K.L.:
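Structure provided below as structure tokens; questions to follow.
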2 protein chains.
Amino acid sequence: MGKPTRTKQLDPAAICRSSDPMAVRELLTKVGDKWTIFIVLSLDLLGGRARFSELERAVPGISQRMLSSTLKMLERDGMVTRELFPEIPPRVEYEMTDLGRSLLRPTQGLVDWVKENWQQVRDAQSRYDER
Amino acid sequence: MGKPTRTKQLDPAAICRSSDPMAVRELLTKVGDKWTIFIVLSLDLLGGRARFSELERAVPGISQRMLSSTLKMLERDGMVTRELFPEIPPRVEYEMTDLGRSLLRPTQGLVDWVKENWQQVRDAQSRYDER
DNA sequence: CCCATAACTTACCTCGACGTAAGTGACTGA
DNA sequence: TCAGTCACTTACGTCGAGGTAAGTTATGGG
């Protein structure tokens with residue numbers, strides 16, 4: 001036998017109280033990127049279905065490139081569906097899936113947390129910075 | 001007068017059902033970085049208080065540089081406190097604050113979501129990729 | 001003939017997140 | 001004297017997220 005363990009050891013699989021900590025990180029990384037949250041919440045506010053140009057206007061500051069690539073990621077992940085209407089000029093509508101909607105609940109939890117606690121974060125930052 | 005607005009307009013402040021959408025993005029960006037979630041959850045699993053080297057061992061793969069900088073950010077944001085014991089060799093303990101603990105609840109919501117839904121995401125990705 | 005339109009794609013560039021490796025300081029025990 | 005310990009910091013390099021701007025497609029309208 002080796003020496004007794006001196007410090008608590010964490011089961012790598014338990015690190016997130018989840019069987020797949022890497023999946024948790026992956027989701028957080030996706031949701032934490034620059035535009036996903038705005039697109040998802042805007043789409044929801046627009047009734048769960050909207051076309052490209054509507055989202056472009058709904059999310060101030062986003063470029064076509066980022067809107068396009070973020071929507072593609074959301075589609076790949078099964079969060080939204082894409083429907084192309086072969087008209088001229090083309091029309092494309094994006095719609096939230098049940099999966100996407102189900103993610104909205106825990107996400108809203110974080111939005112609410114910000115509403116309640118962000119000022120405390122700001123205060124803590126100020127205190128930390130001035131010394 | 002210009003043309004009448006043809007599409008729904010979103011109040012930029014309403015985009016997140018929050019008075020501060022930028023704060024929401026900021027939080028998501030923080031939580032969505034590579035190590036924060038692992039450090040926070042590990043610290044919680046270790047009883048809410050742990051020293052640097054414990055966290056180093058608890059979070060597999062993290063470097064001292066990233067552990068140090070991430071902890072510094074968490075401290076600045078008021079999520080953890082840092083206590084230095086001037087011994088030799090030095091000992092430093094990090095402890096979750098009430099603010100940090102309060103963030104754990106909505107975060108756990110996302111962890112749970114992954115547990116329930118990640119397989120669906122994986123499936124959607126596979127379907128999308130093979131065509 | 002030319003422009004506007006919607007929904008993109010492509011090319012190019014910047015900048016910061018993150019990784020790796022080494023150094024630091026002060027002391028203790030061999 | 002020298003190695004070991006802990007909690008870092010510093011220097012350096014890479015890589016990809018994201019910004020900007022222009023091009024593309026097909027068509028109807030002036």
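Keep in mind that what you see is a predicted model, and the values were worked out from it rather than measured. We name chains A, B, ... by the order of the sequence lines, and we start the count at 1 in each one.
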K.L.:
Between C1' on D:dG28 and CD on A:E87, what's the gap in Å once rounded to a whole number?
P.N.:
13 Å
K.L.:
It should be established whether A:S68 places a side-chain nitrogen or oxygen under 4.0 Å from OP1 or OP2 of nucleotide C:dA7.
P.N.:
no
K.L.:
Around atom CD of A:E87, are there more than 12 heavy atoms of other residues, nucleotides or ligands at under 6.0 Å?
P.N.:
yes
K.L.:
Round to a whole Å and report the spacing from CD1 of A:I62 to P of D:dG19.
P.N.:
8 Å
K.L.:
Decide side chain to side chain contact (heavy atoms under 4.5 Å, CB included) for B:L74 and B:L43; before the verdict, give the C-alpha distance in whole Å, the side-chain angles of both, and the deciding distance to 0.1 Å.
P.N.:
CA-CA 12 Å; B:L74 288 170; B:L43 189 51; over 6 Å; no
K.L.:
Where the side chain of A:I88 is concerned, which of D:dA7, D:dT27, C:dC18 is the nearest nucleotide?
P.N.:
D:dT27
K.L.:
Between C:dA7, D:dG19, D:dA7, spot the one nearest the side chain of B:V92, thanks.
P.N.:
D:dA7
K.L.:
Please examine the side chains of A:V40 and A:M79, heavy atoms only from C-beta on, and report whether any two atoms are closer than 4.5 Å.
P.N.:
no
K.L.:
What is the distance from NZ of B:K72 to P of C:dC18, rounded to the nearest Å?
P.N.:
15 Å
K.L.:
What's the closest nucleotide to the B:W35 side chain, out of C:dT20, C:dC18, D:dA7?
P.N.:
C:dC18
K.L.:
If you count heavy atoms of other groups shown closer than 6.0 angstrom to CZ of B:R105, is the number above 12?
P.N.:
no
K.L.:
Please determine if a side-chain N or O atom of A:R51 lies less than 4.0 Å away from the OP1 or OP2 oxygen of C:dA7.
P.N.:
yes
K.L.:
Do any side-chain nitrogens or oxygens of B:S69 fall under 4.0 Å of OP1 or OP2 in C:dC18?
P.N.:
no
K.L.:
Between B:Y94 (OH) and D:dC6 (C1'), how many Å, whole number?
P.N.:
11 Å
K.L.:
Looking only at side-chain atoms of B:P89, point me to the closest of C:dT5, D:dA7, D:dC6.
P.N.:
D:dC6
K.L.:
Looking at B:T97 and B:G78, what are the two nearest heavy atoms and their distance?
P.N.:
OG1-O, 2.6 Å
K.L.:
Go through D:dC6, C:dG19, C:dA7 for me and flag the one nearest to the B:M66 side chain.
P.N.:
C:dG19
K.L.:
Between atom NZ in B:K34 and atom P in C:dT20, what is the gap in whole Å?
P.N.:
8 Å
K.L.:
In whole angstrom, what separates B:I39's CD1 from D:dA7's C1'?
P.N.:
14 Å
K.L.:
With a 3.5 Å cut-off and just heavy-atom distances, do the side chain of A:R65 and the base of C:dT9 make a donor-acceptor pair?
P.N.:
no
K.L.:
Whole-Å distance between D:dA7 P and B:E83 CD?
P.N.:
13 Å
K.L.:
Round to the nearest Å and state the distance from B:F38 atom CZ to C:dC18 atom P.
P.N.:
13 Å
